[in-house]
Structures are given as C-alpha cells and as structure tokens.
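Residue numbers begin at 1 in each chain, while the letters A, B, ... track the order of the sequences.
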There are 2 protein chains.
Amino acid sequence: MKIGELSRATGTNIETIRYYERIGLLPAPDRTAANYRSYSDAHRSRLSFVRHSRELGFTIEEIRSLLDLSDDPARDCAAADRIATAHLEQVEQKIEQLARLRDELTRIVGRCRGGIAADCRVIEALGDHRHCESPHV
Amino acid sequence: MKIGELSRATGTNIETIRYYERIGLLPAPDRTAANYRSYSDAHRSRLSFVRHSRELGFTIEEIRSLLDLSDDPARDCAAADRIATAHLEQVEQKIEQLARLRDELTRIVGRCRGGIAADCRVIEALGDHRHCESPHV
DNA sequence: TATGCACCCTGTAGCAACTACAGGGTCAAG
DNA sequence: CTTGACCCTGTAGTTGCTACAGGGTGCATA
C-alpha cells in the first residue's frame, strides 16, 4: 500500500510516517517505479504498535526497546514488563502532580470576585508563592 | 543584583533568565560598566510571577497575557480569571486522560507472567488496540 | 605582579516528537 | 491536455528551555 493508505489505515499523519522512517523506527519500505513508498502488512502492524505505544505515552526510545524485544521472540519478556511498569509509575506520579496543581488552581480561581486587576486575587496568587497551600511541581 | 543572585533568589537557571529577556517576558535590565545585567526588585518579583505561573503549568503566552493584566491595574480582572479557569479545565482533562491511560497500563502490566517475548502479553497488547478496554488519548 | 577562579557576556545549536512548508515529480480521469 | 490528487526530498518551525564555545571582568591570594 502507498503512504496515504497506510496513513488512513493507522490514523497517522503522512509526515509522521516519513519521520519514523528517518529516525529508524520504521524500516524503509520498497519503492515503486515512480519512487513511491510501498508498504506491507508487516509495516502496518509495526506502525500500529508504535502509534498505540505513543498513545499510551511511551517515548520513542522506550518504543525502540519494545520493538527490539518483539523482533526477537526468544528474548526475555521481563524487560518489556520493566519498561511498562516504569512507565506506569511515571504516569502515576504525573497524575499526583497534576492533582496538586489542580487543587492549587481551584483555590486561586475560586478567589476571583471580579473587579479590577489591582485587586485580582488570581494575579496576586500567581505573584506570590506564599499563597500556596502545598508545594507543586 | 547580578544575574547569578537573581538566579539563586528565584531558583531560576541563568540561561532561562536570559531566555525570558530574549523573548520579551522580562524587560531588559540596566547594565553595569562591565556590561553585566543589573536587576531591581521589580525584576525579581516579575520573574517570581513567571516561574510560579510556569510551575502551575501556564504557557508562556498565557503568562504574557497575565503579565499584561497585572501591568495595568485598571484592567478587568475577569480576563485573568478566564485564563486561569481555562487552564484549570485543561489540567482536569489531562488528569482524566492520564487516569484512563494508567488503567490501561495497569491492565497490560498485570498480564505479564514472565517468560519469553513471543508469549509476552505486554508486547501483544501494545501491538493491538483491540485489547484495550476504553479509548485513550 | 601574576594568576587563578568565579562570574559575566554573546551567539548558536541541541532536545522531543512532530508539523509545515517549498518546490518539484507522477498518474488517472474527463 | 490539463486538472487534481497524490507522492517525493529537504529544510525550518514549534515549546520551553538547556548546553556549549569562545571570549571578557573582577577580586583574592602566592
């Protein structure tokens, strides 16, 4: 299939597909006589793997490792589990951080009673960390 | 104060301070005879405002708008409230998205029983979206 | 007096993970 | 035979910094 079909089949931007090839995440496909890229089903499923992993927040480098593992079926599955578990922990940390941030923002936004900027509690709170109830970031 | 002192006073990287000046977020300070930047307390509190807002996840452009508002005390506070409220909504959406992602990852990780990559449920799940219980991203 | 060291300067390039052109070639339908 | 959809390469932009390279300044110590 041509790049446009692969794009539609996987919901991936054409430029992104070429980008993945450039960085070596997708193998370079065969070319037609007109120098068009010609993809196989193997390409399609590899790209699906990449996109799905990206949607789940894995970095390109993590995906590279996961692809290496899946390319070699004899390899130890524990490595894949380690990558996924580490990533899960990062996601959990990010959620906690955002939750703290949300609480702080809720507090700040709740204090706005309208009026002019000179009396704005939002601006005041942003200017002074001491208004915060818990550390964020 | 010199840039190093401002850096320590606000916990901001020196390169970041110069970057903020370059993009017009911090006004260019006076210079000493040796061409060193010389900051006032007004600079310090403006930088604190910027850093605190960044910690809360506001983008540079949002901060620019918030600074414009705080520079003009006669302006309507509602604009600041709108920016903060919109940002809060984004944070809440991001939290929900990450929570869905965490659930999916938890499901995937939980299926790994060790063994070889050919039978790895982690890799299998990443390769096929149909293993997912809920849509993510 | 020299010299070492911490600090400052400018300008440019790099990071992640794309996205968006510019400027060109290919191919099938009407 | 031309219109339009598609494809190609190569480069530059995005966000918010961070990291040099290659130089100048200022003060304390040997």
Side-chain angles (χ1 to χ4, degrees), chain A residues 1-26 28-39 43 46-67 83 87 90-91 94 97 101 136-137, chain B residues 1-26 28-39 43 46-67 83 87 90-91 94 97 101 136-137:
Chain A
M1 73 187 93
K2 284 191 284 183
I3 199 167
E5 296 168 73
L6 182 63
S7 165
R8 282 186 295 276
T10 60
T12 312
N13 197 321
I14 289 180
E15 321 264 31
T16 304
I17 298 173
R18 288 198 280 247
Y19 167 71
Y20 287 160
E21 180 182 328
R22 208 159 55 239
I23 65 170
L25 206 56
L26 281 187
D30 290 345
R31 298 290 182 125
T32 68
N35 200 32
Y36 288 6
R37 286 173 180 80
S38 178
Y39 294 97
H43 284 104
R46 196 177 179 92
L47 179 55
S48 297
F49 185 102
V50 170
R51 288 313 298 169
H52 192 196
S53 302
R54 285 293 298 130
E55 283 173 11
L56 290 168
F58 288 93
T59 66
I60 299 281
E61 288 317 305
E62 284 167 339
I63 295 169
R64 232 185 262 281
S65 305
L66 290 167
L67 282 169
I83 293 172
H87 180 54
Q90 276 176 36
V91 169
K94 187 78 190 169
Q97 189 204 321
L101 215 139
H136 35 81
V137 178
Chain B
M1 73 188 96
K2 284 191 284 181
I3 199 165
E5 296 168 74
L6 182 63
S7 165
R8 283 186 294 277
T10 60
T12 312
N13 196 322
I14 288 180
E15 322 262 31
T16 304
I17 297 174
R18 289 198 278 246
Y19 167 71
Y20 287 160
E21 180 181 328
R22 207 158 56 240
I23 64 170
L25 207 57
L26 280 188
D30 290 345
R31 298 289 181 126
T32 67
N35 199 31
Y36 288 7
R37 287 173 179 81
S38 177
Y39 294 98
H43 284 104
R46 196 177 180 90
L47 180 54
S48 296
F49 184 102
V50 170
R51 290 312 298 169
H52 191 197
S53 302
R54 285 293 300 133
E55 283 174 11
L56 290 169
F58 288 92
T59 66
I60 298 283
E61 289 316 306
E62 285 167 338
I63 295 169
R64 231 185 261 281
S65 304
L66 289 167
L67 282 170
I83 294 171
H87 180 54
Q90 277 175 36
V91 169
K94 187 79 190 167
Q97 188 204 322
L101 214 139
H136 36 81
V137 177

* Asked: Should A:Leu25 and A:Tyr19 count as side-chain neighbours, where that means a heavy-atom distance under 4.5 Å?
  -> no
* How far does CD1 of B:Ile23 sit from CD1 of B:Ile60, to the nearest 0.5 angstrom? -> 4.5 Å
* Any sub-3.5 Å donor-acceptor pair from B:Thr12's side-chain atoms to B:Arg8's backbone N or O? -> no
* To do: Measure the CD-CG distance between B:Glu62 and B:Leu67 for me, rounded to the nearest 0.5 Å.
  => 12.0 Å
* So do the side chains of B:Phe49 and B:Leu66 get within less than 4.5 Å of each other, counting heavy atoms only? -> yes
* To do: With the side chain counted from C-beta on, respond yes when A:Ile17 and A:Ser7 share a heavy-atom pair under 4.5 Å apart, and no when they do not.
  => yes
* Between A:Ala34 and B:Glu21, which has a closest nucleotide on DNA chain C that is more 5'? -> B:Glu21
Which pairs would a plain distance check flag for residues 30-38 of chain A, meaning a side-chain donor or acceptor within less than 3.5 Å of a matching protein atom at least two apart in sequence or in another chain?
from, atom 1, to, atom 2, distance (Å)
A:Arg31, NH1, A:Asn35, O, 3.0
A:Arg31, NH1, A:Asn35, OD1, 3.4
A:Thr32, OG1, A:Ala34, N, 3.2
A:Thr32, OG1, A:Tyr36, N, 3.1
A:Arg37, NE, A:Glu21, OE1, 2.7

* Say whether, by atom type as modelled, one donor and one acceptor occur between the side chain of B:His87 and the main chain of B:Thr59 under 3.5 angstrom. => no
Collect all protein-nucleotide pairs involving nucleotides 28-30 of chain C in which both atoms are nitrogen or oxygen and the distance is under 3.5 Å.
none

* Kindly compute the distance separating CZ (A:Arg51) from CG (A:Leu56), expressed to the nearest 0.5 Å. => 11.0 Å
* Asked: Would you call A:Glu5-A:Lys2 a salt bridge at under 4.0 Å N-O?
  -> no
* To do: Calculate, to the nearest 0.5 Å, the distance between atoms CG and NZ belonging to A:Leu101 and B:Lys94 respectively.
  => 12.5 Å
* Asked: Hey, where on DNA chain D does chain B first and last touch, going 5' to 3'? Cut-off is any atom under 4.0 Å from a heavy atom.
  -> D:dG16 to D:dG26
* Asked: Through what angle, rounded to 10 degrees, does the axis of the helix from C:dT1-D:dA30 to C:dG30-D:dC1 turn between its ends, using five pairs per end?
  -> 30°
Protein-nucleotides 2-8 of chain C N/O pairs closer than 3.5 Å?
from, atom 1, to, atom 2, distance (Å)
C:dC8, OP1, B:Gly4, N, 2.7

* Spell out protein contact along nucleotides 12-18 of chain C as letters: B when the base is contacted, S when just the sugar-phosphate is, - when no protein heavy atom is under 4.0 Å; keep the 5' to 3' order. => -----BB
* **A:Arg54 side chain to A:Phe58 backbone, donor-acceptor under 3.5 Å** => yes
* To the nearest 0.5 Å, what is the distance between CD (A:Glu61) and CZ (A:Arg64)? -> 4.5 Å
* Backbone N or O of A:Val50 within a donor-acceptor pair of the A:Arg46 side chain at under 3.5 Å? -> no
